[in-house]
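Below is one structure, written out as structure tokens, with a few remarks after it.
Given the structure is predicted, the values throughout are model-derived calculations rather than measurements. First the proteins, then the strands, lettered A, B, ... as listed; each starts at 1.
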Amino acid sequence: MADSRFFAKAGPFSLAVLAERCGAELAAGADPAAMALDVAPIDVAGADHISFLDNKKYVEAFTVSRAGACLVHRSLACKAPAGMALLLCDDPYRAYALVAAAFYPRPAVVPGIAAGALVDPSAILGDGVRVEAGAVICARAEIGAGCLIGPNAVIGAGVVLGEDCIIGAGTTLSHAILGKRVNLFPGVRIGQDGFGFAMGPKGLLSVPQLGRVLIEDDVEIGANSTVDRGAGPDTIIGAGCRIDNLVQIGHNVHLGRGCVIVAQAGIAGSTHLDDFVVVGGQVGIIGHLHIGAGVRIAGQSGVTRDVEAGRTIGGSPAISMTEWLRQSALLGQLARKKGR
Amino acid sequence: MADSRFFAKAGPFSLAVLAERCGAELAAGADPAAMALDVAPIDVAGADHISFLDNKKYVEAFTVSRAGACLVHRSLACKAPAGMALLLCDDPYRAYALVAAAFYPRPAVVPGIAAGALVDPSAILGDGVRVEAGAVICARAEIGAGCLIGPNAVIGAGVVLGEDCIIGAGTTLSHAILGKRVNLFPGVRIGQDGFGFAMGPKGLLSVPQLGRVLIEDDVEIGANSTVDRGAGPDTIIGAGCRIDNLVQIGHNVHLGRGCVIVAQAGIAGSTHLDDFVVVGGQVGIIGHLHIGAGVRIAGQSGVTRDVEAGRTIGGSPAISMTEWLRQSALLGQLARKKGR
Amino acid sequence: MADSRFFAKAGPFSLAVLAERCGAELAAGADPAAMALDVAPIDVAGADHISFLDNKKYVEAFTVSRAGACLVHRSLACKAPAGMALLLCDDPYRAYALVAAAFYPRPAVVPGIAAGALVDPSAILGDGVRVEAGAVICARAEIGAGCLIGPNAVIGAGVVLGEDCIIGAGTTLSHAILGKRVNLFPGVRIGQDGFGFAMGPKGLLSVPQLGRVLIEDDVEIGANSTVDRGAGPDTIIGAGCRIDNLVQIGHNVHLGRGCVIVAQAGIAGSTHLDDFVVVGGQVGIIGHLHIGAGVRIAGQSGVTRDVEAGRTIGGSPAISMTEWLRQSALLGQLARKKGR
């Protein structure tokens with residue numbers, strides 16, 4: 001399915017192998033030795049493809065699909081067309097992710113320093129590192145084994161990368177220490193000065209920003225997002241966080257583990273998010289707040305107060321989701337009444 | 001008018017030539033052989049300049065302008081000062097665009113590969129391509145005739161550019177196929193992974209993003225904007241779309257022809273815009289929506305539902321513009337009453 | 001305190017020297033010859049450190065602090081623990097900025113052109129300029145004495161930089177003239193085309209953008225922010241402005257002196273801000289407005305009308321802060337009443 005200009009396909013795989021990869025159970029009648037050549041969406045898949053059914057909107061397409069095999073929740077297996085091999089699982093989307101990764105594994109990093117890469121002699125490169133053309137690795141940087149440094153990326157002086165990090169094209173880092181398997185997309189900016197200044201008689205006076213950026217294992221940061229270094233304390237991105245494109249993270253911000261920050265959100269200085277907070281797109285959170293674990297924030301909200309763990313909030317200024325929806329509905333009613 | 005450090009001026013041109021270039025009609029009394037040396041704003045233009053009157057705010061300045069010639073709508077010709085040569089047209093701003101382009105044509109691309117450019121031997125470059133210093137062109141990329149690849153830009157493996165594209169300084173592309181005359185401003189990010197993951201027992205699991213970015217002819221994308229590649233389907237930007245700076249386009253988004261997306265707007269995954277939709281600045285549109293042709297969305301709106309063709313909407317969550325204005329007005333009235 | 005991987009520490013300094021640097025007065029009992037080795041936060045500082053008390057939230061920590069010396073407002077000196085040397089001042093945060101800069105001065109620029117930098121022979125470099133690896137300096141650019149051009153930055157043709165500018169890694173400029181001590185963070189985009197086009201029968205027609213970007217002395221612009229050049233007039237950023245990350249400045253915008261623009265705000269074309277305006281995060285200001293001196297705009301506001309000097313506004317569309325707060329409160333009351 002995927003364009004071979006850009007993606008190298010592995011396989012074919014037997015259904016038995018794929019079921020094992022994704023933890024699915026082969027339904028009665030499915031031939032474990034049958035081969036799948038590729039993944040494909042439910043509506044276009046053919047006899048050689050394995051597909052998945054995750055969204056109830058697609059049940060109808062499922063009932064008439066010509067896919068040879070399909071990842072499906074047990075409860076929907078009864079809707080399958082005759083002859084389709086079923087791989088039963090609890091979370092078909094997750095299973096699809098694993099099956100798709102079997103067919104389209106991340107390309108192996110080819111060790112070496114490309115022509116036109118500029119590596120300072122004092123930098124330390126681990127085994128199997130790849131440095132692409134035009135990338136700049138500054139003095140005393142330490143690049144962990146297996147890292148891929150993209151074309152025209154810049155690794156600043158003294159920066160430390162753990163093993164198997166991927167640094168996107170044109171991305172720049174300074175004053176940062178990264179864990180393992182951190183994936184920074186193209187154009188990410190890590191470690192520049194935070195936005196801190198004092199008022200002076202002759203104008204604004206920058207306050208030296210003496211902290212770092214610490215990024216824990218398995219973090220992904222989207223294209224053109226920005227993470228400022230700490231002012232004295234560090235800015236910390238917890239393990240497993242997923243940050244989308246064009247997000248702003250201010251100095252001294254601390255994200256717990258597994259937070260999800262959707263595109264164009266901004267978190268101001270010294271705000272602390274506990275684990276597994278979900279921040280919607282274009283949300284703004286002011287500085288010096290504490291957001292409890294598992295809080296969910298609707299898109300475009302403006303958060304101006306601390307939020308207790310587990311709550312769902314929305315609006316600007318943000319309030320409980322229930323209250324926000326009630327206010328929106330009420331205003332609509334009043335305006336319609338008035339309009340009559 | 002324009003600073004010669006940065007702009008090379010052509011001309012002079014006779015009024016006859018300029019009228020033909022922009023489809024204007026010389027009014028009675030205007031000398032077709034009179035020469036214009038440059039364009040200039042209505043309030044500073046002199047006898048050698050051609051100006052334009054587009055905005056009614058400037059009618060007064062027009063009546064006392066010393067411009068030698070002026071592009072003006074027929075209905076306002078009567079307000080012209082004595083001795084001004086008039087070029088009558090239906091859309092003076094459009095006519096100005098054409099006249100200004102005559103005096104300040106886009107500089108011709110000077111073919112060649114600058115010192116310090118890094119072109120993979122397997123890349124294919126068309127006739128007349130220019131590759132600036134520090135640009136990186138990766139394996140198997142295909143660059144159409146007449147393209148200009150800016151300094152430190154990165155064209156990823158296998159990427160295809162149609163004829164006469166302009167790729168800005170520091171811009172990066174991967175997994176993308178571009179049409180003709182596509183203009184990507186500096187710092188644009190095309191083709192990185194979309195924001196897609198499944199929940200797993202050990203944290204978030206990235207779903208392989210197996211689609212591409214297809215950009216049709218005559219598209220312009222502003223500085224530091226980001227366009228993620230599709231998850232399986234492609235992300236598609238229709239012919240003639242204009243995207244401003246710092247815009248986010250999620251995976252699988254499909255923009256029809258001629259859409260205008262103003263700065264800092266964001267469109268989430270799998271949303272489909274039909275032709276000629278206008279999206280205001282800082283608008284957010286959630287995923288999986290359908291926005292009909294010609295819809296206009298006010299700045300900062302949050303769009304959470306499908307929108308029928310031709311409507312104008314505003315607010316967050318977005319409602320019809322009329323209703324939104326009524327609600328804002330009502331709330332103001334109630335608060336003033338209460339405040340008394 | 002600061003990580004020596006990234007920061008080089010000066011000192012130690014006597015309290016007399018530090019008091020002079022920041023304009024503080026040594027309180028009775030403080031030994032002018034006592035030495036401070038470093039700065040540190042009030043709660044972790046030890047006998048060799050100098051700290052500061054700026055925020056009343058930390059008074060309690062101050063009363064039990066083990067800091068050898070502390071910058072403090074006169075009015076709080078009475079709360080100091082026994083034995084702490086006090087440096088009395090009117091603005092302890094500003095004094096801290098100066099003391100921290102004594103310990104951690106900005107590293108001196110090491111003159112020279114790094115291997116892998118690409119400098120056009122027609123460019124003019126002042127004394128003591130540093131050009132880092134991968135940076136590209138195009139034809140006829142003029143780089144003032146003492147400038148630092150970061151790795152993979154691009155200085156476009158004809159661009160002029162005053163003395164002692166710092167251009168971040170991967171930053172790009174074109175069509176721009178900068179004053180002295182301008183600091184552009186990584187990924188900033190200066191001087192690209194503004195978003196201007198006319199409607200035509202065959203689609204949108206770009207209007208030539210014939211102005212420049214003028215940046216006055218002592219401006220700082222945050223990571224990945226974008227400043228478009230003027231359409232005919234120039235885009236102007238006044239002396240001492242501080243612009244945060246991911247901010248959009250449209251063509252022909254004019255910022256007065258000392259404006260502060262917080263992250264992800266956007267200012268549309270031809271809007272004029274007078275001196276010392278403060279624009280909150282994620283604010284949008286539409287085009288062709290006039291915002292008076294000293295106006296303060298709350299985060300996420302949408303400004304759609306001219307604003308008189310000195311006012312504080314909020315909301316979208318923005319109204320006076322008082323009125324906005326009243327409306328928010330009223331809506332909450334009505335919804336609670338209705339909810340009963």
Side-chain angles (χ1 to χ4, degrees), chain B residues 1-3 5-7 39-41 91 93-98 100-101 103-106 114-116 132-134 150-152 168-170 183 185-187 218 220 222-224 239-240 242 244-246 257-258 260 262-264 280-282 299-300 315-316 328 331-332 334-336 338-339, chain C residues 116 118 120 134-136 138 140 152-154 156-160 170-172 174-175 177 187 189 192-193 195-200 203-208 210-212 224-226 228-229 232-233 246 248 250 264 266 268 282 284 286 300 302 304 316-317 319 323 326-327 329-331 334:
Chain B
M1 181 183 64
D3 186 338
R5 287 191 72 82
F6 303 115
F7 301 94
V39 290
D91 182 347
Y93 189 53
R94 185 171 169 277
Y96 168 74
L98 293 163
F103 283 103
Y104 297 97
R106 188 171 276 179
E132 296 287 4
N152 285 343
N183 188 347
F185 285 29
D218 299 303
E220 290 192 13
N224 281 348
R242 300 294 170 110
D244 201 349
N245 297 346
L246 293 168
R257 287 175 305 134
V260 173
V262 181
Q264 297 175 319
Q282 299 181 336
Q300 294 192 328
S316 179
S328 294
L331 189 56
L334 292 174
R336 276 191 297 278
K338 179 91 180 179
Chain C
L118 302 158
D120 189 277
V136 177
C138 297
R140 297 174 296 101
N152 285 344
V154 176
V159 166
V160 178
T171 291
T172 63
S174 72
H175 306 87
I177 297 182
R189 309 294 160 199
Q192 54 282 336
D193 278 32
F195 199 59
F197 42 78
M199 297 293 169
L204 302 168
L205 182 68
S206 291
V207 177
L210 303 174
R212 304 165 298 179
N224 281 349
S225 287
T226 57
D228 290 346
R229 73 173 183 270
L246 293 168
Q248 152 70 356
Q264 298 175 317
Q282 300 182 334
I286 69 164
Q300 295 192 324
T304 58
S316 178
I319 50 182
E323 202 177 336
R326 197 189 291 150
Q327 288 187 11
L330 173 66
L331 189 55
L334 292 174

- Message: So for atom CZ, which belongs to B/Arg242, do other residues, nucleotides or ligands contribute more than 12 heavy atoms lying within a distance under 6.0 Å?
- Response: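 For B/Arg242, atom CZ is crowded (more than 12 foreign heavy atoms under 6.0 Å).
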- So, the side chain of C/Arg140 versus the backbone of B/Arg5: is there a donor-acceptor pair under 3.5 Å, distance only?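 Present.
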Under 4.5 Å, counting heavy-atom pairs only, tell me which of [options] racks up the most with chain B.
options: C/Gly211, C/Pro233, C/Gly170; result: C/Gly211
options: C/Leu246, C/Leu330, C/Thr226; result: C/Thr226
options: C/Ser206, C/Ala157, C/Ser316, C/Gly302; result: C/Ser206
options: C/Arg229, C/Arg212, C/Met199, C/Gln300; result: C/Arg212
options: C/Ile319, C/Val154, C/Ile177; result: C/Val154
options: C/Ala268, C/Ala329, C/Pro208; result: C/Pro208

- Rounded distance (nearest 0.5 Å) linking atom CG of B/Leu98 with atom OH of B/Tyr93: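 Rounded to the nearest 0.5 Å, the CG-OH separation comes out at 11.5 Å.
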- Could you give the distance from CG (B/Asn224) to OG1 (C/Thr172), rounded to the nearest 0.5 Å?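 With rounding to 0.5 Å, CG (B/Asn224) is 7.5 Å from OG1 (C/Thr172).
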Sort [X] into side chain, backbone, both or neither according to what part of it lies under 4.5 angstrom from a heavy atom of chain C.
X: B/Glu132; value: neither
X: B/Asp91; value: side chain
X: B/Ala101; value: both
X: B/Phe185; value: side chain
X: B/Ala115; value: backbone
X: B/Leu331; value: both
X: B/Pro41; value: neither
X: B/Phe103; value: neither

- Message: What I'd like to find out is whether the side chain of B/Leu334 reaches to under 4.5 Å of the side chain of C/Leu334, using heavy atoms alone.
- Response: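 Touching, per the 4.5 Å side-chain cut-off.
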- Query: Would a 4.5 Å heavy-atom cut-off, applied to side chains only, mark B/Asn245 and C/Asp228 as touching?
  - Reply: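 A side-chain contact exists here, since the closest heavy-atom pair is under 4.5 Å.
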Options [options], ranked by heavy-atom pairs under 4.5 Å with chain C, top entry:
options: B/Gly299, B/Gly258, B/Ala133; answer: B/Ala133
options: B/Gly222, B/Gly168, B/Gly116, B/Pro186; answer: B/Pro186
options: B/Ala223, B/Ala2, B/Gly240; answer: B/Ala223

- Message: Less than 3.5 Å apart, any donor N or O on the side chain of C/Thr171 or C/Arg189 sitting next to an acceptor on the other?
- Response: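 There is no such pair (donor and acceptor under 3.5 Å, judged by atom type) between the side chains of C/Thr171 and C/Arg189.
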- Message: B/Asn183: which residues meet the side chain to side chain donor-acceptor pair (under 3.5 Å) condition with it, sequence neighbours left out?
- Response: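 Here no residue qualifies.
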- Task: Check the pair B/Gln264, C/Gln248 against side chain to side chain donor-acceptor pair (under 3.5 Å), reporting the backbone distance first and the verdict last.
- Result: CA-CA 8 Å; B/Gln264 297 175 319; C/Gln248 152 70 356; over 6 Å; no
Sort [X] into side chain, backbone, both or neither according to what part of it lies under 4.5 angstrom from a heavy atom of chain B.
X: C/Asp193; value: both
X: C/Leu118; value: side chain
X: C/Glu323; value: side chain

- Message: Restricting to non-hydrogen atoms, name the atom on C/Thr304 and the atom on C/Ile286 that form the minimum distance, rounded to 0.1 Å.
- Response: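 Here C/Thr304 and C/Ile286 meet closest at O-CD1, 3.7 Å.
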- Message: The criterion is ring-ring contact (aromatic ring centres under 6.0 Å, His included); which residues satisfy it with B/Phe6, sequence neighbours excluded?
- Response: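 With neighbours one apart ignored, the set is C/His175.
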- Ring geometry between C/Phe195 and C/Phe197 (parallel below 30°, tilted from 30 to 60°, perpendicular above 60°):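 Ring orientation of C/Phe197 relative to C/Phe195: perpendicular.
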